[in-house]
Amino acid sequence: MKLRTIDLTLVGMFVALMAIGANITSFAPFMVVGGVPITLQTFFAILAGTILGSRLGAIAMMVYTAVGLVGAPIFAQFGGGFSMIVKPTFGFIISFIFTAYIVGKIIEKNSSLPSYITASLVGMAVNYLVGTNWMYFAYKLWAAAPEGFTYKLAWLWMAAPLPKDIILAVCAAFLALRLEKTVLSRSQFRSMKKVA
Ligand SMILES: O=C(O)CCCC[C@@H]1SC[C@@H]2NC(=O)N[C@@H]21
């Protein structure tokens with residue numbers, strides 16, 4: 001598996017976008033519902049899958065996770081460091097890898113607009129399923145769960161970012177398809193890769 005200069009540049013760009021998306025709301029303390037910060041990470045993870053494809057998109061999310069784990073404050077609320085692994089929201093961070101991969105895979109099979117939209121929504125669903133279940137078990141098994149914490153409450157917390165994430169997933173689909181047909185049109189993108 002050989003990564004070219006253009007691949008590394010795109011991976012770096014998406015790591016930066018994820019860091020911005022994680023923290024653009026961190027200055028507003030009210031942007032945390034229950035234990036869940038409201039962020040733009042899902043949007044950028046979906047975009048990584050749509051624009052970079054399954055393999056490079058997943059690599060970008062792995063690099064994002066690794067850079068955060070070694071200490072860069074690029075997770076939500078400027079979190080970073082190996083201790084993040086026990087944070088209840090770490091499942092969402094892991095899920096971004098699957099999100100980007102699955103989104104890319106679906107689009108690689110069929111690159112019509114309905115496919116872009118379906119891929120984005122499936123990616124978002126994977127993000128929510130993995131992240132919320134991880135969060136539930138984290139609170140039940142090792143983190144200090146708030147009083148009266150239940151599986152239903154974990155999902156109720158997710159109701160706050162859900163409408164925003166559905167809208168942004170659809171926006172990501174339209175944006176990625178638009179980019180694909182304009183700046184990233186296949187021939188241009190290929191020649192960009194050849195130059196790199
Ligand atoms: O600690 C982190 O960096 C992960 C935060 C995860 C937040 C999740 S992602 C899906 C959902 N949408 C949001 O806006 N927040 C949660």
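For ligands, and for the atoms within them, numbers begin at 1 and follow the listed sequence. Model, not experiment: these values are computed from the prediction.
Residue contacts with ligand 1 include Pro37, since one of its heavy atoms falls under 4.0 Å from the ligand. Within the structure, ligand 1 has Lys87 among the residues with a heavy atom less than 4.0 angstrom away. Contact between Gln77 and ligand 1 is absent, with no heavy atom of the residue lying under 4.0 Å from the ligand. Residue contacts with ligand 1: Met158 is included, with a non-hydrogen atom under 4.0 Å away.
Between the Trp155 side chain and the Thr132 main chain, no donor and acceptor come within less than 3.5 Å of each other.
In this structure, the protein non-hydrogen atom closest to atom 3 (O) of ligand 1 is Ala76 N, 2.7 Å. Closest protein heavy atom to atom 5 (C) of ligand 1: Gln41 OE1, 3.4 Å. In terms of protein heavy-atom proximity, atom 11 (C) of ligand 1 is nearest to Asp165 OD2, 3.5 Å.
Annotation for ligand 1: atoms under 4.0 Å from non-hydrogen atoms of Ile93 are 1 (O), 2 (C), 3 (O), 4 (C). Near Thr42, meaning under 4.0 Å from any of its heavy atoms, are these atoms of ligand 1: 9 (S), 10 (C). Atom numbering of ligand 1 starts at 1 in the shown order; those under 4.0 Å from a heavy atom of Ile38 are 14 (O). For ligand 1 and Lys164, the ligand atoms under 4.0 Å from any heavy atom of the residue are 12 (N), 13 (C), 14 (O). Within ligand 1, the atoms closer than 4.0 Å to a non-hydrogen atom of Pro161 are 12 (N), 13 (C), 14 (O), numbered from 1 in the order shown. Proximity to Asn127 (heavy-atom distance under 4.0 Å) selects the following atoms of ligand 1: 9 (S), 10 (C).
By the ring-ring contact (aromatic ring centres under 6.0 Å, His included) test, Phe78 pairs with Phe27, sequence neighbours left out. Residues that satisfy the ring-ring contact (aromatic ring centres under 6.0 Å, His included) test with Phe43, not counting sequence neighbours, are absent from this structure.
Side chains of Val122 and Ile106 form a contact here, defined as non-hydrogen atoms less than 4.5 Å apart.
None of Ile107, Leu179, Leu177, Leu175 except one satisfies the side-chain contact (heavy atoms from CB on, under 4.5 Å) rule with Thr50; the exception is Ile107. Remark: of the listed residues Phe75, Phe14, Phe92, Phe75 is the sole one forming a ring-ring contact (aromatic ring centres under 6.0 Å, His included) with Tyr64.
Proximity annotation for atom 16 (C) of ligand 1: of Thr132, Thr99, Val36, Val33, Val36 comes nearest, heavy atoms only.
Taken from CG in Leu47 to SG in Cys171, the straight-line distance is 10.0 Å, to the nearest 0.5 Å. The structure places CD of Gln77 at 8.5 Å from CG of Asn23, a figure rounded to the nearest 0.5 Å.
In Tyr128, the part holding a heavy atom less than 4.0 Å from any atom of ligand 1 is the side chain. Of all the heavy atoms of Phe75, the ones lying under 4.0 Å from any atom of ligand 1 are found in both the backbone and the side chain. In Ala22, neither the side chain nor the backbone holds a heavy atom less than 4.0 Å from any atom of ligand 1.
In this structure, a donor-acceptor pair under 3.5 Å is absent between the side chains of Glu180 and Ser111.
One hydrophobic cluster holds both Tyr151 and Val130 under the rule that ILVMFWY side chains link at heavy-atom gaps under 4.5 Å.
Note: Phe149 and Trp157 have tilted aromatic rings, judged against thresholds of 30 and 60 degrees for the angle between ring planes.
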